[in-house]
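Along the sequence shown, residues carry numbers from 1.
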Amino acid sequence: MKKILNIALVGMALVAATSCSKLGPLSADNFKVTPTPLVTNAGVVQATINGSFPEKYMAKKAVVTVTPVLKYEGGEVEAASQTFQGEKVLGNDQTISYKMGGNYTMRSQWKYTPEMMRSDLYLRFTAKIGNKVQEVPEVKVGYGVVSTSDLLSRTLTSANGAVAQDAFQRVIAQKQESNIKFLINQAQLRQSELQSTNVKDFIAMLKEINADQERLALDGIEVSAYASPDGGYALNEKLAQNRQDATTAYLKKQMKDFGMDNQVDAKYTAEDWDGFQQLVAASNIQDKDVILRVLSMYKDPEDREQQIHAMSSVFTELADGILPELRRARLTINYQVIGRDDDQIVAQYKEDPKQLSLEELLYGANLLVEKNADREAWNNTIVSLFPNDYRAYNNLASLAYAKGDLAAMQTALDKASKIKADAAEVNTNRALMALAKGDYTTAQTFIGRGTAADSYNEVLGNLNIATGNYAAAASALKGKSTNSAALAQILSKDYSSAAKTLSNIKNGDATTDYLSAILSARTNDAAGVASNLAKAVAKDRTYLDRAKKDLEFASFAGALNSLR
């Protein structure tokens with residue numbers, strides 16, 4: 001009996017020794033990968049691998065290194081490895097109990113390439129027990145890469161660059177003023193005043209408005225007469241009214257001489273305290289602060305006059321320098337300058353663009369031509385005629401981007417920056433160009449300086465897609481009917497908004513159709529997948545190969561098989 005017991009103990013020892021001297025294969029059931037399938041985000045494929053070593057697996061002297069490997073047709077890429085050790089190994093790696101086993105988490109990532117759309121995730125093991133190498137077979141734990149965010153490279157091509165706006169106004173409100181001064185306590189018009197340059201220019205402007213009513217439109221003529229706030233109120237009121245009447249009569253006679261009979265809006269102010277306060281505040285009178293304080297303390301005209309007369313030290317300065325300026329009548333013409341209409345601007349451009357103003361040319365380039373080639377021609381004309389204005393250079397940069405010519409865009413932006421480096425449109429276009437080149441750091445720098453540009457939100461939204469901030473991208477692109485806006489909404493799982501955006505895109509292209517197919521797949525619309533993929537492939541054959549690899553359509557084999 002004792003002999004049988006010894007044999008049993010020896011057998012158990014051999015089994016234990018065997019179990020501690022060899023590591024067997026691991027099952028895919030020992031691992032969970034999130035997400036499955038894998039997804040690319042901001043140009044990176046990330047995976048969280050939760051693994052476990054089963055009970056009585058990790059030999060006490062074993063060292064096991066686990067390396068995630070993404071395999072695809074034509075290659076493979078390893079991620080960072082992680083090492084685990086048995087209980088009797090002296091090291092700094094995570095220790096796994098032989099008896100209990102143990103769990104671990106690995107966070108892995110790979111830079112995305114299009115070949116990874118159809119790929120498989122394996123775990124590769126390098127193992128030793130002591131100095132003896134152990135062969136542990138690779139284990140497949142995940143598959144594929146959903147690369148929908150990578151469509152940004154296609155949606156971005158149709159993004160709009162920032163356009164520097166013109167300041168063109170066809171109708172511009174203008175005003176011309178003139179002053180006729182009077183002697184103290186008098187209302188007679190003096191020839192010296194009527195022959196002054198400012199009065200002559202005023203009458204000349206009236207003549208010009210009357211003669212050129214196609215280009216100039218009169219809004220009104222005003223006469224405002226005043227008396228200075230010294231002397232009695234009744235006297236000043238009569239004096240101001242007489243100055244009003246004399247000035248109005250003179251003006252109407254002048255207008256009648258050249259056939260103008262428009263109404264004159266006449267009024268008078270008995271004591272011009274407002275004008276008095278303004279002139280004192282702008283003067284160098286020593287005690288002006290005291291005078292201004294008196295005006296604020298006393299509201300009654302007679303009290304004000306009495307207090308100021310009492311200031312004998314400054315009244316002489318007021319009588320000589322301030323009060324004579326208030327004995328006047330102000331004449332005002334309100335009128336509009338009417339510029340060329342749209343047809344006239346286009347006709348003048350064809351005849352001789354040199355006769356157009358800078359703002360007319362910019363307005364024409366931005367709004368009066370439809371084809372980008374014509375816009376480019378107009379802007380090239382502008383830079384030849386007005387080389388020191390940044391706006392046409394900036395707009396040429398936007399047009400170059402629309403053509404996919406980043407070199408020309410760079411050249412134009414360099415010229416615009418030399419003129420106005422802080423222009424919002426220039427910085428937004430610099431951000432767009434950096435984004436197109438995949439330089440997200442530079443794009444972030446420039447977009448922060450472009451908040452006032454018309455396409456700021458659009459470029460910001462595309463940048464947020466590139467950096468994986470899909471909710472922020474959808475918010476920035478809200479209201480935009482573009483492929484990028486639809487992409488952001490799909491990535492943020494706002495499918496109802498994506499459907500509206502896609503339906504509102506004018507002149508949709510192959511990418512529009514492909515995004516519609518993805519939306520159909522995510523909403524389980526097999527017919528929509530088939531029809532939209534067919535349209536996308538018909539417009540752009542490169543979508544045929546992508547669709548057959550795209551895991552968005554993994555459940556729609558029928559639609560894929562029908563593609564030709």
Side-chain angles (χ1 to χ4, degrees), residues 35-41 43 45 70-74 112-121 142-159 404 461-462 465-466 468 470-471 473-474 477-564:
T36 298
L38 301 174
V39 177
T40 181
N41 182 17
V45 179
L70 201 58
K71 295 184 178 183
Y72 50 87
E73 185 177 354
Y112 174 74
T113 62
E115 295 82 6
M116 294 177 182
M117 288 181 71
R118 284 298 174 98
S119 56
D120 292 303
L121 175 58
Y143 67 94
V145 176
V146 177
S147 57
T148 301
S149 65
D150 188 51
L151 285 170
L152 176 65
S153 62
R154 294 181 183 244
T155 68
L156 188 61
T157 60
S158 59
N462 278 283
I465 294 174
Y470 303 136
L477 292 167
K478 186 176 181 179
K480 303 290 184 183
S481 297
T482 65
N483 288 335
S484 289
L487 176 61
Q489 289 158 347
I490 289 171
L491 292 171
S492 59
K493 297 181 171 60
D494 184 359
Y495 300 139
S496 61
S497 295
K500 291 177 183 178
T501 297
L502 289 165
S503 67
N504 288 333
I505 294 176
K506 295 180 179 179
N507 304 315
D509 56 13
T511 301
T512 309
D513 296 325
Y514 197 83
L515 289 169
S516 297
I518 291 175
L519 180 61
S520 295
R522 293 199 177 192
T523 54
N524 201 31
D525 176 9
V529 172
S531 62
N532 286 307
L533 279 181
K535 288 188 287 186
V537 171
K539 294 174 184 176
D540 184 347
R541 295 293 296 176
T542 63
Y543 276 118
L544 176 60
D545 181 62
R546 179 184 177 96
K548 290 184 179 297
K549 297 177 181 177
D550 198 335
L551 292 180
E552 293 278 10
F553 309 119
S555 300
F556 299 91
L560 295 175
N561 292 334
S562 66
L563 293 177
R564 296 290 184 269

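Annotation for N483 and S158: closest pair ND2-OG, 4.0 Å, computed over non-hydrogen atoms. Minimum interatomic distance between V39 and V145 (heavy atoms only, all atoms of both residues): C-CG1, 4.1 Å. Summarising the geometry of D513 relative to N532, their closest heavy-atom pair is O-CB, 3.4 Å, with the distance given to 0.1 Å. Taking all atoms of both residues into account, the shortest heavy-atom contact from A498 to A486 is CB-O, 4.1 Å. Closest approach of S481 to T501, counting heavy atoms only: CA-CG2, 4.1 Å. Among all heavy-atom pairs drawn from S484 and T155, the shortest one is OG-OG1, 2.9 Å.
The side chain to side chain contact (heavy atoms under 4.5 Å, CB included) check on D545 picks up K549, with sequence neighbours excluded. For S497, the side chain to side chain donor-acceptor pair (under 3.5 Å) partners two or more places apart in sequence, or in a different chain, are D494.
In K548, the NZ atom is crowded: over 12 heavy atoms of neighbouring residues, nucleotides or ligands sit closer than 6.0 Å. By the neighbour-count criterion of 12 heavy atoms within 6.0 Å, atom NZ of K539 is densely surrounded, having more than that number from other residues, nucleotides or ligands.
Remark: R154 qualifies as a cation-pi partner of Y543 under the 6.0 Å distance and 45° angle criteria applied to the six-membered ring.
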**Request:** Step by step, work out the side chain to side chain contact (heavy atoms under 4.5 Å, CB included) result for E73 and E115.
**Result:** CA-CA 7 Å; E73 185 177 354; E115 295 82 6; over 6 Å; no
**Asked** How far apart are the C-alpha atoms of M117 and L551, what are their side-chain angles, what is the distance that settles it, and do they pass the side chain to side chain contact (heavy atoms under 4.5 Å, CB included) test?
**Response** CA-CA 7 Å; M117 288 181 71; L551 292 180; over 6 Å; no
**Asked** Can you list the steps and then say if L477 with I465 is a side chain to side chain contact (heavy atoms under 4.5 Å, CB included)?
**Response** CA-CA 10 Å; L477 292 167; I465 294 174; 4.2 Å; yes
**Request:** Would you check, one step at a time, whether the test side chain to side chain donor-acceptor pair (under 3.5 Å) holds for T542 with D540?
**Result:** CA-CA 5 Å; T542 63; D540 184 347; 2.6 Å; yes
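Looking only at distances, a side-chain donor or acceptor of S149 sits under 3.5 Å from a matching main-chain atom of T40.
To the nearest 0.5 Å, the span separating CG on D550 from CG on L151 amounts to 7.5 Å. Rounding to the nearest 0.5 Å places CG of N462 at 7.0 Å from OG1 of T482. Atom-to-atom distance recorded for R546:CZ and L533:CG is 11.0 Å, nearest 0.5 angstrom. Of the inter-residue distances, the one linking L487 atom CG with I518 atom CD1 reads 7.5 Å to the nearest 0.5 angstrom. The structure places OG of S516 at 7.5 Å from CD1 of I490, a figure rounded to the nearest 0.5 Å. The distance from the OH atom of Y514 to the OG1 atom of T148 is 7.5 Å, given to the nearest 0.5 Å.
A donor and an acceptor atom, one from each side chain of D509 and T512, are located under 3.5 Å apart.
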Give the table of side-chain donor-acceptor pairs shorter than 3.5 Å for residues 557-564, with sequence neighbours excluded, one pair per line with atom names and distance.
| unit_1 | atom_1 | unit_2 | atom_2 | d |
| --- | --- | --- | --- | --- |
| N561 | ND2 | A557 | O | 3.1 |
| S562 | OG | A559 | O | 2.7 |
| R564 | NH1 | N561 | O | 2.7 |

